[in-house]
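Everything on this sheet refers to the single structure shown next.
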There are 2 protein chains.
Amino acid sequence: MTDRLPSPVTIEEVAAAAGVSRSTVSRVVNGATSVSPSALEAVSKAISDLHYVPNRAARSLASRQTLAIALVVPEETTRFFGDPFFAAIVSGINARIARSDYVLNLFIANSDPGDKMTSYLSRGNVDGAIIVSHHTSDTFIDRIADAVPVVYGGRPVKLRDDDYYVDVDNVRGGREATEYLIGRGHRRIATITGPQTMPAAMDRLTGWREALAAAGLTPGAVENGNFTDEGGAEAMRRILASGERPDAVFAASDLMARGALHALAAAGLRVPEDVALIGFDDSPIATSVSPALTTMRQPSFLQGEEMASMLIDRLAGIAIPNSRIMPTGLVVRESA
Amino acid sequence: MTDRLPSPVTIEEVAAAAGVSRSTVSRVVNGATSVSPSALEAVSKAISDLHYVPNRAARSLASRQTLAIALVVPEETTRFFGDPFFAAIVSGINARIARSDYVLNLFIANSDPGDKMTSYLSRGNVDGAIIVSHHTSDTFIDRIADAVPVVYGGRPVKLRDDDYYVDVDNVRGGREATEYLIGRGHRRIATITGPQTMPAAMDRLTGWREALAAAGLTPGAVENGNFTDEGGAEAMRRILASGERPDAVFAASDLMARGALHALAAAGLRVPEDVALIGFDDSPIATSVSPALTTMRQPSFLQGEEMASMLIDRLAGIAIPNSRIMPTGLVVRESA
DNA sequence: TTGAAAGCGCTAACAG
DNA sequence: CTGTTAGCGCTTTCAA
């Protein structure tokens with residue numbers, strides 16, 4: 001192997017420059033409180049003068065932490081990467097991690113149970129893991145969760161005692177989106193759902209049902225759009241083909257709403273005049289289409305940041321609630 | 001910090017079990033040749049009996065390698081994540097890395113020059129970096145390339161002597177796609193390009209120009225679709241609004257082709273009867289739209305694998321060519 | 001072919 | 001509040 005030079009300046013040199021011992025430098029680097037102001041200042045100066053960056057291998061070896069966090073992404077990356085909602089989640093995670101001493105290790109999860117990734121994680125090569133977007137069928141999850149602290153993006157499929165997650169109130173989001181439609185006078189309301197193997201998709205559907213029931217309305221068509229653009233378009237086509245045309249549609253993601261929009265346009269229907277359409281996410285898609293989408297916002301970037309924060313707190317031994325439910329909010333634009 | 005237990009079995013215990021010294025175990029683990037068959041066998045047995053897994057931090061500290069590779073993704077993640085082409089690239093990179101001793105560190109690159117990431121990478125905290133999809137405006141690139149070996153996805157904006165990259169022949173791809181259109185009898189051929197800050201986008205445009213020039217045809221409209229879905233749709237609308245309607249369009253990515261398809265449908269134009277449309281990538285999008293896209297395939301997953309392979313080889317001190325140009329190929333479906 | 005010995009750069013008791 | 005002292009688990013000369 002070619003030798004890679006590590007950071008040339010060591011803690012020893014910083015200590016010398018600052019006129020203190022290694023330990024004191026270590027203390028300021030690690031934010032220990034018990035350092036005198038003068039020492040703190042001298043060390044800080046030496047650090048920035050010398051551009052000192054701690055060697056993570058040494059640190060990790062001595063402290064018995066890896067300082068690494070795994071970001072586990074499900075195999076079917078097409079859907080994952082195709083949705084700006086996830087881009088925002090990952091950006092948020094990245095942003096929070098960047099402010100910490102941790103680095104993010106990316107793993108694209110292969111459901112193969114003998115998987116190298118699973119054993120890598122199980123062997124304590126990371127301090128914790130963030131798992132985004134999993135399905136009922138993802139079996140490797142449990143093995144990871146047995147080995148290291150995990151924070152989930154979205155309520156996990158089977159909730160266990162020591163599960164931590166960040167989510168929004170999807171039932172409520174679905175309900176309020178639908179209530180808005182009802183309040184605007186719509187009566188034949190269909191929905192395009194996500195895959196019913198995912199809690200978020202199930203919950204939004206539940207919300208839609210609840211709102212209709214509360215208003216005494218008969219539920220319209222329910223079609224699975226699989227959380228994809230094309231799936232949304234197909235679901236919309238099936239809805240239109242199925243008989244009575246709805247006067248409004250609740251799509252459980254903006255991506256699917258976009259697909260639906262195209263299907264509606266292809267069918268010669270105007271939005272919102274003929275069919276009102278409401279999305280979910282308030283991702284960049286919402287404003288990039290025409291008409292701009294009315295949608296239920298969720299704070300994706302913040303959710304990502306919060307996921308990382310929760311994990312970092314847990315690793316630091318700070319007690320935190322098992323879940324963090326972030327607020328949603330209706331954003332009214334043109335489509336409904 | 002909560003203590004994370006590392007793999008409990010150390011090289012010392014393996015050595016004891018095998019009746020040899022630490023050094024011999026280390027030699028076996030690292031594949032050194034100078035080990036007697038009997039020692040080799042004893043050590044191998046001990047390793048598997050004890051489920052020994054070397055501690056990366058210790059290994060890294062002693063060997064002065066990090067065993068980590070950075071995956072650097074440009075800030076504007078919306079575009080990155082929105083394109084299935086990149087999903088395939090990342091999957092390929094991930095797959096190859098998973099077969100090695102390296103792990104992938106994900107960095108979302110912030111153009112802020114004082115960036116923590118840049119200094120982290122510069123300080124030798126990774127052995128090498130893979131940089132996907134960069135623009136002429138991405139200034140942090142040079143600083144990374146100065147610090148560690150880099151492999152680029154696509155020819156870098158400014159090619160330096162020691163730059164390594166994997167790419168396809170985009171000029172040729174653009175030319176052949178356009179030649180196909182010409183061969184089908186089309187004469188008024190427009191193009192939807194990617195941002196002209198990216199080599200791939202520039203080259204595909206060049207190929208389009210070359211094919212038209214060779215056929216003695218007047219170039220049609222050229223509109224930038226920014227490598228996004230909506231950008232493609234807008235570019236198509238501009239082309240349609242600009243006067244003479246083209247009888248064929250070369251879109252420099254499938255994502256933009258999809259946008260164009262929608263704009264065409266909205267304008268009441270049939271594909272391919274009124275306007276033929278050809279894409280680029282052969283991403284999953286190509287078959288998920290209707291009509292299915294005729295497109296210029298590039299082997300995205302393999303490109304990702306190759307990027308990782310090149311970097312791993314370089315890090316191993318293996319001499320390799322500076323670039324690897326992967327083949328493209330026309331895939332004829334329905335849209336042209 | 002093998003073992004002994006010397007660190008890699010850092011953290012973490014433990015005294016003081 | 002600070003320095004001293006031991007290692008963390010592994011690789012790597014250097015001799016034998």
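Here the structure is a predicted model, which means the values were calculated and not measured.
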Is the phosphate of [N] approached by [X] (side-chain N or O, under 4.0 Å from OP1 or OP2)?
X	N	result
B:Ser63	D:dT11	no
B:Ser26	D:dT11	yes
B:Ser36	C:dT2	yes
B:Arg64	C:dG9	yes
B:Asn55	D:dC8	no
A:Ser34	D:dC1	no

_Qualifying residues under salt bridge (Lys or Arg N to Asp or Glu O under 4.0 Å), relative to B:Glu13, sequence neighbours excluded_ = none

Nearest to side-chain heavy atoms of [X], which nucleotide of [options]:
X	options	result
A:Thr24	D:dT2, C:dG3, C:dG9	D:dT2
B:Ser23	C:dC10, D:dT2, C:dG3	C:dG3
B:Tyr52	C:dA5, D:dC8, D:dC10	D:dC10
B:Arg22	D:dT2, C:dA6, D:dT5	C:dA6

*Under 3.5 Å side-chain donor-acceptor pair for B:Asn30 and B:Arg59*: yes

*Do we get A:Arg324 above A:Tyr165's six-membered ring, with its NZ or CZ under 6.0 Å from the centre and within 45° of the axis?*
no

*Near DNA chain D, which residues from residues 40-48 of chain B have a heavy atom under 4.0 Å away?*
none

